[in-house]
2 protein chains.
Amino acid sequence: MYSRGMNMDKAHYHGGRPRSEQARAAILNAADDLLVEVGYAAMTMKGISEKAGVSRQTVYRWWSHKAEILFEASAADAEEELATSLTGDPLDDLAAYLEALVRFLAHSPAGAAYRALLGEAQHDSAVAELLSAKDPLGDSARVVIERALGKDTLPVPLDQATALLIGPSFFWILSGRDPVQLVPRQLAEDFIRDLQSRQSR
Amino acid sequence: MYSRGMNMDKAHYHGGRPRSEQARAAILNAADDLLVEVGYAAMTMKGISEKAGVSRQTVYRWWSHKAEILFEASAADAEEELATSLTGDPLDDLAAYLEALVRFLAHSPAGAAYRALLGEAQHDSAVAELLSAKDPLGDSARVVIERALGKDTLPVPLDQATALLIGPSFFWILSGRDPVQLVPRQLAEDFIRDLQSRQSR
DNA sequence: ACACTTTCGGCACACGGTGACTCGAAATCC
DNA sequence: GGATTTCGAGTCACCGTGTGCCGAAAGTGT
């Protein structure tokens with residue numbers, strides 16, 4: 001996640017003061033905190049550097065946008081919150097995943113970060129590339145579907161299957177509707193049925 | 001769409017210079033043009049006023065954010081592009097609607113405006129209220145489902161049905177995937193099957 | 001021990017957008 | 001004609017951005 005024209009090739013690296021892990025962690029934490037305290041819109045590079053007790057230059061040296069910082073800061077949390085335990089029963093697994101997904105998108109700070117980033121991606125190609133390089137939602141859904149149903153028996157490209165599974169909940173929350181009204185188990189049933197019906201054609 | 005503390009109550013309105021329709025149209029057009037020319041991020045209130053040949057104060061008098069301007073400027077286009085003709089066959093109708101939806105979201109300037117606004121809504125409550133007050137996607141989908149399937153026979157609240165129909169395509173495009181790979185007719189079939197299967201329970 | 005390289009914090013700067021203010025002129029109703 | 005409201009134009013303080021420069025710190029290799 002080195003945004004500037006960093007050169008970490010061993011061939012050209014000739015020592016120098018090592019990067020301060022303390023400063024790095026402070027910046028990431030400050031970004032995380034600021035997101036929940038003042039929201040994404042009011043978040044600034046200046047504010048992050050001040051909250052982290054770090055020079056603004058130090059921030060710009062490693063990240064060029066606040067989106068990059070937030071992406072790195074929330075990536076680990078996102079991955080963890082969207083990880084699922086496999087019970088063996090596909091329906092249970094998928095329903096559990098959808099529940100975790102809704103919780104993530106609607107209530108988790110990391111989810112708020114993801115929504116903010118995906119929002120920016122709609123009108124900032126740099127952020128769009130960031131997300132397309134590593135999309136926590138798509139990745140987690142892929143894993144769950146593979147493990148729950150087996151990757152070889154899918155009648156549809158895996159990516160399209162993820163859209164079928166995630167789509168409804170995704171739209172529901174992104175469009176600002178009340179997540180309580182979602183029924184993950186019902187949606188998981190629909191998903192399985194769709195795949196089965198597509199298989200027999 | 002009077003953002004400032006406008007007072008249009010007849011009881012308090014005592015004449016005055018009428019609002020210039022020319023200035024209003026010029027501002028809305030300028031916003032539309034700027035969106036496709038420089039993108040949402042580079043769009044500014046200053047730029048809009050200059051392009052419209054209008055004082056910046058005149059812009060601020062009627063709209064407080066660029067989101068409000070863009071919302072008003074693209075609302076008509078969005079409604080028109082998402083309107084569908086009814087053929088009588090539910091599957092045809094829904095498939096045609098999904099095709100129009102994908103075209104709107106992925107290729108239309110009004111769709112770009114909508115994505116930008118929905119993005120802003122993820123971290124700006126003012127924009128979120130704007131969209132929840134009148135959501136072109138939700139509204140158009142509601143109409144199509146009602147006309148194609150009849151509003152009384154739905155086994156699911158209408159809002160949730162719209163999420164089932166729209167969701168997959170919505171996620172696909174918002175997450176930056178290639179719209180060509182979407183198969184509207186297939187998705188329409190899935191949707192109808194889901195509703196039928198839910199009904200028989 | 002020494003030179004070299006890179007990061008660090010702190011300060012300063014130009015640039016551009018924001019949102020509010022003032023002013024005089026124009027347009028409409030009573 | 002008086003009251004009211006919008007219009008264009010200009011001005012202003014404020015803030016975030018991104019860059020540049022400085023000296024100090026903390027590592028590398030010889």
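Just so we're clear, the structure is a prediction, and the values are computed from it rather than from any experiment. Throughout, a chain's letter reflects where its sequence line sits, starting with A, and its residues are numbered from 1.
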Rounded off to whole Å, could you give me the CD-to-P distance for the A:Q22 and D:dA26 pair?
11 Å
Mind telling me whether B:F170 and A:F170 have parallel, tilted or perpendicular rings, with 30° and 60° as the class edges?
tilted
Starting from C1' on D:dC7, measure out to CZ on B:R24 and report it in whole angstrom.
17 Å
May I ask you to evaluate whether A:T58 reaches the phosphate of C:dG9, defined as a side-chain N or O under 4.0 Å from OP1 or OP2?
yes
Looking at A:E37, I want to see if its CD is surrounded by more than 12 non-hydrogen atoms of other residues, nucleotides or ligands under 6.0 Å.
yes
Integer-rounded Å distance: D:dA26 C1' and A:E21 CD
16 Å
Could you give the CD-to-P distance, from A:E68 to D:dG18, as a whole number of Å?
11 Å
So do A:E81 and A:H107 actually touch side chain to side chain, heavy atoms under 4.5 Å?
no
State which residue, out of A:D135, A:T162, A:D159, fulfils the side chain to side chain donor-acceptor pair (under 3.5 Å) condition with A:R142.
A:D159
Answer yes when A:D33 and A:K51 have at least one side-chain N-carboxylate O distance shorter than 4.0 Å, and no when they do not.
no
Nearest-Å distance for atom pair CH2/C1', residues B:W62 and C:dG19:
18 Å
Between C:dG17 (C1') and B:L34 (CG): distance, integer Å
14 Å
For atom NZ of A:K151, is the number of surrounding heavy atoms from other residues, nucleotides or ligands below 6.0 Å larger than 12?
no
Side-chain donor-acceptor contact under 3.5 Å, B:S74 with B:Y114
no
Do A:D190 and B:R193 meet the salt-bridge criterion of a basic N to acidic O distance under 4.0 Å?
no
From CH2 of A:W63 across to P of D:dG18 the rounded distance in Å is 15 Å
If a protein heavy atom is under 4.0 Å from the base, mark B; if only from the sugar-phosphate, S; if neither, -; do that for nucleotides 11-17 of chain D going 5' to 3'.
B----SB
Listed pairs, N/O of protein and of nucleotides 22-25 of chain D, under 3.5 Å:
| from | atom 1 | to | atom 2 | distance (Å) |
| --- | --- | --- | --- | --- |
| D:dA25 | N3 | A:R17 | NH1 | 3.2 |

Regarding B:R147 and B:D93, does a basic nitrogen lie under 4.0 Å from an acidic carboxylate oxygen?
no
Quick check: any donor-acceptor pair below 3.5 Å linking the side-chain of A:Q57 to the base of D:dG20?
yes
